[in-house]
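For reference, the structure discussed in these notes is given below.
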Number of protein chains: 2
Amino acid sequence: MSTRNSSPAPGSGRGQRVTIADIARRAGVTSAAVSLAVNGRPGVSAATRERIMDIARELDWEPSPAARALAGAPVLTVGMVLARPAEVLGNEAFFGAFTAGLQEVLSAQDYSLQMKMVESPEAEIETYRRWFAQRRVDGVVMVDLRVDDPRIPALEEIGQPALVVGGPGHHGSLPSVYVDDAQATNLLVDHLASRGHSRIARVAGTAEFFHTAQRDRAFLGRCTELGIEGSLQDAGYGAQDAAVATAELLTATPPPTAIIFDSDEMALAGTHVLLESGVQVPEQIAVASYEDSALARTHRPAITAIGRSAIEYGRLAATRLLEIIAASRKRPQGDATATTAGGAPGSEAAEVRAIEPVLLVRGSTDPDAEPALSTPPIRG
Amino acid sequence: MSTRNSSPAPGSGRGQRVTIADIARRAGVTSAAVSLAVNGRPGVSAATRERIMDIARELDWEPSPAARALAGAPVLTVGMVLARPAEVLGNEAFFGAFTAGLQEVLSAQDYSLQMKMVESPEAEIETYRRWFAQRRVDGVVMVDLRVDDPRIPALEEIGQPALVVGGPGHHGSLPSVYVDDAQATNLLVDHLASRGHSRIARVAGTAEFFHTAQRDRAFLGRCTELGIEGSLQDAGYGAQDAAVATAELLTATPPPTAIIFDSDEMALAGTHVLLESGVQVPEQIAVASYEDSALARTHRPAITAIGRSAIEYGRLAATRLLEIIAASRKRPQGDATATTAGGAPGSEAAEVRAIEPVLLVRGSTDPDAEPALSTPPIRG
DNA sequence: AGCTGTTACTATAGCGCTCAAGTAGCGGCG
DNA sequence: CGCCGCTACTTGAGCGCTATAGTAACAGCT
């Protein structure tokens, strides 16, 4: 990258592809030596290595991933497959940031991300199977963890590096990273309780998702602990569903004094229903969300939310996955015995790493929270 | 060592990889015959082909993309690189749906999508260079078209299949697909004019984007045509920027009676500012957006928007790109003369296809528009 | 019978790289 | 002095597939 590429614009690269053989010829060595040199492996003298590298740069050589892969080298690609409808992807603030975090770390290590959207978990598993069978990826990151997720045993059986995003707990023998949803829940409930709320509702997404179940449990648990009334309202993950659920909550007698939504999108939709019904937010009913976003911030009132730093989450996932891949290369072929399937050595395979959630208190739960957004911080 | 072959199919697990040589041996032919058979190419009899296919299935054979690529076959991958900050990606409804549309078509043709996020246009170009040099992708789709986009000449020089998303107009010799932003603008302006508005403001995103410039021009043009007052307010693409711009608009004397925002996110943020300032929407100021989303729909008032069917847009882009790739395979190596750089034959290289925008009238411009969203269409 | 043409294959090179095994050269050491 | 061990390479064999000749078998035609 030091040399301004496309150098002195020679025929614009139209000629034959430059191979290590070309470099070898020029350097007066064999292609094997070049291979050692460009891959930073021992076996060539420092002087030769440098000479080779110079020539490679000069010739504008690029390695052929196909040839490398065919010869057994890692393909420097990780995969991620999404089995959810497009709108969900589009509307969720979390996802884009998570992906960005992933990319950031992967790109830095010269890895690329291959994505695929499918219709069902079965199709997702099938995709993993083929990716691995074809050696298209060195590892995968599995998102949208569900309760009793069928992808876990499938990935274990396939026996190639995989990282589960979600937790806590052990997912078969697969390693994972997660955000502590129980802690996030406690932050939210405690915050509301400290503001004097004693009837809190939670408008939850689909309970089949692991984190939803996790939140449900933590929510009810914490409410009981604090001796306050906590009610669960199931909904899908869409804005529409949240609106319906919120409307239903309003018919309760008495209605809750605070509502926690599973996402920013849901919180926004729910808040609209409240405001439209003449309910004051936060005076009559406070609102909080598990997910932060620019919209949650600009909304009036701004929505109190959990910041889970999706970017950081993505970075963590990528870092962990790369470790797993590296480990799996060391102990060559994971054999079929389940214990090492995750790729990481033996018992520590299922090691888990977490991100700390933080609470961002805003106007939707605290009337005194800095209201000034029309006079924004930007523009000195 | 129990060969726990984990799957009913033989060799599906840990064993050696199944190759066409294995199939050939079993079928009593050479690997070349197998290659012809599995690729649906002429040269083998129907009977032999079927026998080979059966064996391939039975053996659970999967082609090796690496080997294929090395031998000169297409890699069945298209690339897309995004040079924008993560939040933008996350907040924009458009992007997810567009990607989904892309994937849908690509997957159906057994193509995969490789994505990369970078920091700058230069890094983006560098990525294209390397992707092509390494033969990692068969083609790329270029999004977020800018005015005088440096990526156009770069892609032309690289001389590999590429599709420009955005337009209209010719982008060097590159083919493109686009949504007619001028028409969308007319739809919006006409709608507002027909509702009696004669002072319309447009809160625009960064003008360096092609479609923004396009909209600006169309907006001013149409306003002039209709003899109404149109004003342009520049902003970034964020919610924050839109909020600021809206606040500024309110200080004008007289303020506009309608505001058109460049995206749903901006429209939402702007509307909050209006409502917070006690402005009635749409009675005092009407609001419309170029981008639709679930949030725009659930918002109260619901936001009038342009539906550009991002999914369909993605599908179109993928379809077009695959055509371009196919064409470029026919006429082998694009030579360096710019004319054929897009991959498509000669003069029709720059052919362009468009998607029709539609106007979705909602409460933010029309108080009579079906207000019922708390009683949503779903359920029942 | 001899020639051209098909069809249905086979044989043989690679594609660009990696890796295990081999070798040349050289200083050190008993 | 002969052997060891080490470094710095070279040799050669693939990885799994595609592609381009080439060949055998057989039909059609004059």
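All chains are named by letter (A, B, ...) in the order of the sequence lines, taking the proteins before the strands, and each is independently numbered beginning at 1. Keep in mind that this is a model prediction, so the values were computed, not measured.
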Of the candidates C/dA11, D/dT10, C/dC17, the side chain of A/T30 sits closest to D/dT10
Length of the CG-P vector between A/L36 and C/dC19, whole Å: 9 Å
Report the distance from atom CD of A/Q134 to atom P of D/dG16, rounded to the nearest whole Å. 14 Å
When we call it a touch if two heavy atoms are under 4.0 Å apart, what does A/V29 touch: a base, just sugar-phosphate, or nothing? sugar-phosphate
d(CG, A/N39; P, C/dG16) in whole Å: 17 Å
Exactly one candidate in A/E124, A/E122, A/E157 meets salt bridge (Lys or Arg N to Asp or Glu O under 4.0 Å) with A/R129; the answer is A/E157
Backbone N or O of A/G101 within a donor-acceptor pair of the A/R315 side chain at under 3.5 Å? no
More 5' along DNA chain C: B/G72 or B/A32, using each one's nearest nucleotide? B/A32
Among the nucleotides C/dG16, D/dC9, C/dT18, whichever has the atom closest to the side chain of B/L70 is C/dG16
Using a strict cut-off of less than 4.0 Å between a Lys/Arg side-chain nitrogen and an Asp/Glu carboxylate oxygen, indicate whether B/D54 and B/R26 qualify as a salt bridge. no
On the nucleotide D/dT18, are OP1 or OP2 found under 4.0 Å from the side-chain N or O atoms that B/S35 carries? yes
Which of D/dG14, C/dG14, C/dC9 is nearest the side chain of A/A71? It is D/dG14
B/R25 atom CZ is separated from C/dT10 atom P, nearest whole Å, by 14 Å
Look at the side chain of A/D149 and the backbone N and O of A/R151, then say whether any donor-acceptor pair between them is shorter than 3.5 Å. yes
Which part of the nucleic acid, if any, lies within reach of B/G43 when heavy atoms closer than 4.0 Å are counted: base, sugar-phosphate only, or nothing? base
Salt-bridge contact A/R130-B/D110 (side-chain N to carboxylate O under 4.0 Å): yes
Nearest-angstrom distance from the residue atom CD1 of A/I20 to P of D/dG12: 16 Å
Could you state the atom-to-atom distance from CZ of B/R136 to P of C/dG16 in whole Å? 16 Å
What does B/P42 touch in the nucleic acid at a heavy-atom separation under 4.0 angstrom: a base, only the sugar-phosphate, or nothing? nothing
With nearest nucleotides of DNA chain C determined for B/T48 and A/R68 from heavy-atom distances, which residue corresponds to the more 5′ nucleotide? B/T48
Between atom CH2 in B/W61 and atom C1' in D/dC17, what is the gap in whole Å? 9 Å
Where the side chain of B/S45 is concerned, which of C/dC9, D/dT18, C/dG16 is the nearest nucleotide? C/dC9
Heavy atoms only, 4.0 Å cut-off, all strands: where does B/R41 land among base, sugar-phosphate and nothing? sugar-phosphate
From CZ of A/R135 across to P of D/dC15 the rounded distance in Å is 13 Å
